[in-house]
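These notes are about the structure you will find just below.
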Amino acid sequence: MVADLIAERTAAPFAPAACPRLVVKVGSALLVDPAGAIRREWLASLVADVAGRVKAGQQVAIVSSGAIALGARRLGLAKGGRASLEDAQAAAATGQIALAGTWASLLHDHGLTAAQMLLTLDDLEDRRRYLNAAATLDRLLKLGVVPIINENDSVATEEIRFGDNDRLAARVAGAAMAGGVILLSDVDGLYTANPVTDPAATLIPRVEHIAAIEHMADRHSASGMGSGGMVAKVEAARIAVAAGAHLAIASGHGDHALARFAATGHGTIFVAATGAPARKAWLRGGLTARGTIHVDAGACAALKEGRSLLAAGATRVEGRFARGDLVVLAGPDARPIARGLAEYGDADAVLIVGRRSDEHEALLGYAPRSALVHRNHMALL
Ligand code: GLU
C-alpha cells in the first residue's frame, strides 16, 4: 500500500510558476539554537531563498515560530518557557519583538518589507474576523510585502489556541488562497514508522490520500522545542489540502533550506486533491444562506467573468445577515448565480446598494471595503 503512495520527487508544485502564493512555516528548533539564541546566519540564508522567490514573482507569507523559545531565554524561564501558560505567554510577548525584528532586518537587506500579523484561532474561525485577516493578507501580499505571521500567544488562552504553527500555517494558506504550504521542520518528512526507533522506517515522498497514512504520524517532536510534532503536521496537511493547497514537510536543516527543497523535492508532499475548486466547495454546498443580494445584468456578467460584486451593481438586499454570513447572489431574473460571504451586514449593505464606491464612505461613516462580496470568497453556481 505504501508503494502506491510513492511517486516522483519534485517540488514543482511549489515553484513560483505553479504557485503564485506560498506559505512557508519555520519551526522553533530551526530558528533558535539550544542556548535560546536566534540562528541568524541560517535565517539569512533562508531569507535569501525567500527573496529569490519574491523576485521571481511569487508572493510569500511566512509563519514563524520561535517567540516562546527566544523569550524564555531572555527571561530565564525554565522548560523553554513552556512550564505554564503564563510563562509561555510572557515568553512569547518578549520573544516576538526580537523574532519579527530579525526577519524584518534580514528581509530589508534584500530590499523587502516585512509586516507582522499575530493571529488567534478565533481570527481565522470566526467568519467576520476571517474576512478581515484574509483581506489584510491579500493586501500585504499584493503590495509585495512579506507577512511574518505567528500565533498571538500572549493573549490566546488554552481553549482558543492553535497551539502549533503547523495548523496556523495551513489556515493562513486557506485565508490567503495560497496554492502551497511548505513546513520547514527538524524532520525531513513523514516516515512509515518512527525513524528514531525503527531502522526499517522509510520516507513517504508523496501522499494522495491522508486517510491511508494517518496511523504513521507520531506525537513526538524530535527537538522538544516547538509544539508541532507529526500529528499536527498531518492535521495541517488535511486543512491545507481541503483548502486547495499542496503541503510539503521538508527539512529545514542546513543553509538555503528552501532552495534545497526546490532542487531536490526531498520531503513529503501532500497533494491537494482537487485544486482550486475544493476551497470553494463549502460555499456552494452545506452552509445555509442568510440572505440574497440581487444584482443587475452588468454585475451578473462581471460575476460570471470571475469578478467581485461591487455595490454599484447590486439592486436590492433581502434577509438579515451579518458581515461574513453566506448570501446568495441573484440575477435580474431572480435566479441564483453565485454564493459568497457578505463583506457587509444587511443594514450597511442596504445603504450602499446601487451606489458608486466613491460615495460609500459618506454613506457608511467609515472606510469602505473594496466589494460587497469579494471574488475570493465567492463561488459561481
Ligand atoms: N507560536 C509559538 C512560538 O512562536 C510556536 C508554536 C509552535 O511551536 O508551533 O514560539
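One-based numbering, in listed order, for ligands and for the atoms of each.
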Problem - Side-chain donor-acceptor contact under 3.5 Å, Asp198 with Tyr191 - result: no

Exercise for the section: Could you establish whether Arg167 and ligand 1 come within less than 4.0 Å of each other, counting only heavy atoms on the residue side? Expected result: no

Problem - Salt-bridge present (Arg21, Asp138; N to O < 4.0 Å) - result: yes

Practice task
Can you figure out which of Ser65, Ser64, Ala169, Ala69 has its heavy atom closest to atom 5 (C) of ligand 1?
Solution key: Ser65

Handout entry: Shortest reach to atom 10 (O) of ligand 1 by a heavy atom, considering only Ile68, Asn150, Val32
Key = Ile68

Fill in the blank from the handout: Only residue of Ile62, Ile68, Leu99 satisfying side-chain contact (heavy atoms from CB on, under 4.5 Å) with Asn150 is Leu99

Problem - Gly66 near ligand 1 by a heavy-atom separation under 4.0 Å - result: yes

Completion exercise
Taking only non-hydrogen atoms of Asp153 and a 4.0 Å limit, the atoms of ligand 1 in range are 1 (N), 2 (C), 3 (C), 4 (O)

Handout entry: Ser45 side chain to Arg260 side chain, donor-acceptor N/O pair below 3.5 angstrom
Key = no

Practice task
Could you list the atoms of ligand 1 found under 4.0 angstrom from a heavy atom of Ala67?
Solution key: 3 (C), 4 (O), 10 (O)

Practice task
Look at the side chain of Trp42 and the backbone N and O of Ala257, then say whether any donor-acceptor pair between them is shorter than 3.5 Å.
Solution key: no

Problem - Closest heavy-atom pair and its distance - Ala35, Arg73 - result: O-NE, 3.1 Å

Exercise for the section: Give yes if a backbone or side-chain nitrogen or oxygen of Asn165 is under 3.5 Å from a nitrogen or oxygen of ligand 1, and no if not. Expected result: yes

